[in-house]
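Remarks on the structure that follows.
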Amino acid sequence: MDTEVLVVGAGPTGLTAANELLLAGVATVLVDRLPERSPLSRAGGVQTRTLEALDQRGLLEPLLASGDHPAGTGHFAGIPAPTGFSAHARQPWRAVPQAVLEGFLEEHLASRGLVVRRGHELVGLAQDADAVTATFADGRTVRARYLVAADGGHSTVRSLLKAAFPGRAGTATAVAADVRLSGADLPAPHTRGADGHWAAVFPLGTDGLGRPLRRLALGGPGRSLPRDVPVTEEEVREGLRAVFGDAVALLELCYARRITNAARQVARYRHGRVLLAGDAAHVHLPFGAQGMNTGMQDAFNLGWKLAAVVRGRAPRHLLDTYHTERHLAGAAVLRDVQAQSLLMDWTGSGDPDVAATRELFAALAELPSVQRFLGDRLAGTATRYPMPDTGSHPLLGLPVPDADLGLARLYELLRTGRGLLLDPDGTLAGAAAPWRDRVDVVERAAGTEPLLVRPDGYACWVAGSPESLRRSLAHWFGAPGVGAGAGLGADRASAAG
């Protein structure tokens, strides 16, 4: 066995998964087919839930200190929907280009001894009862107990698995580009011009010379060209003129590509010892960086569960909850993105029925309750996972809010990558004692209620009886007394299950 887990793909999803596994002490190899990290950014924003998860790993402050990452507001189909106007959002989304985020995470991993193995083009994959064997184009092989596929929308792993990938193929394209534009004061983030042409402009911080960069998207009638047709400067200039006239001009085109409205999701996120995550599991229009953020949340969900299986501490069902929870979350994102594509008339059809529906939706979006609803969905904080022994507590299954517990914040206590039990009355420590090797207990935490938090920051038990707490501990953290090296049989059962 060469390693415990092989992660294929060193984008945001793969880097996050590798960090979660490393935090849990799992031997991990991270490979990527590219000979060097791409300087291009396919996404430009980090949503609230992802920022919270980074804070729970001690990575948020150094990330924000790494450059100019301004806060911004969200949108739904180009209609403003502030992500800060939300029942649960604690952090407004930040403009962090994907290339910057990848560089930050890769450097963090390298500082802990995990270096991305580049130039590894996967060409073969085989599973047996004990492991996965990956074969690369140069003849090298890596044998691992599990493989995490984070190799993007054209996933080689998914292809080799022949995994069902139902959904809709792309029917039209638009332009996405990183640009410098004239004028300090630009129009609203989403602007509609005449005859169905539209543009979207968002801040991306600054370039190496301190000049403001922006993410630009352009679409409308006649703008759907094959994906392999290069985007030219003149095409971008003409698109800007169609929407803004002479008010906005292109100063520099840094990067451009064509995006499609394809919408697909794998039928199963788990194939034996292979787990699919990120764009390898779901593709859709890149509205609001939902793809990158959804992929990183896949990795936060999967990492601690896979680590528990590898270390022999997981109940048999645990790895299957990765598919249950994240397929549900991914499907919700796809529905939201498809609804946005229709409402904003992405292809510029000029359909009057769409225009009337958009007008009505825009009026509804002025209501505070609707803004809170949309804000939670765009911030990634609306995802509620199904929990056993479900009660009526409104926090159960949701990401926990941060709280000042006196000596530390709640999020700071999650940086170990372990579970966390808040025991404000000091009455639950005995019930949790058999799990103290994998769950930290904070007694007498003022101003809180009894709360069990999973390593990924989700509330899995709130204010129940000691007996219900023991059931939840066993459900999520396995049988007490089972430790690393004791789970080969459980590992095989989990792989087969």
Any idea how His282 and Tyr269 line up, ring-wise: parallel (<30°), tilted (30 to 60°), or perpendicular (>60°)?
tilted

How are the rings of Trp93 and Phe202 set to each other: parallel, tilted or perpendicular (split at 30° and 60°)?
perpendicular

With no hydrogens and no angle check, just 3.5 Å: does a side-chain donor-acceptor pair link [X] and [Y]?
X: Tyr411; Y: Arg57; answer: no
X: Arg268; Y: His271; answer: yes
X: Asn261; Y: Thr171; answer: yes
X: Arg49; Y: Thr381; answer: no
X: His120; Y: Asp32; answer: no

Is the closest basic N to carboxylate O distance between [X] and [Y] below 4.0 Å?
X: Arg180; Y: Glu252; value: yes
X: Asp336; Y: Arg377; value: yes
X: Arg94; Y: Glu52; value: no
X: Asp437; Y: Arg418; value: no
X: Glu106; Y: Arg37; value: yes

Nearest-0.5 Å distance, OG1 of residue Thr133 to CG of residue Asp128
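With rounding to 0.5 Å, OG1 (Thr133) is 6.0 Å from CG (Asp128).
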
From Leu125 CG over to Arg273 CZ, what is the distance, rounded to the nearest 0.5 angstrom?
12.5 Å

Test salt bridge (Lys or Arg N to Asp or Glu O under 4.0 Å), reference Glu235, set Arg258, Arg241, Arg223, output is Arg258

Criterion ring-ring contact (aromatic ring centres under 6.0 Å, His included) on His317 and His475, from CA distance to verdict:
CA-CA 8 Å; His317 65 268; His475 182 87; 4.1 Å; yes

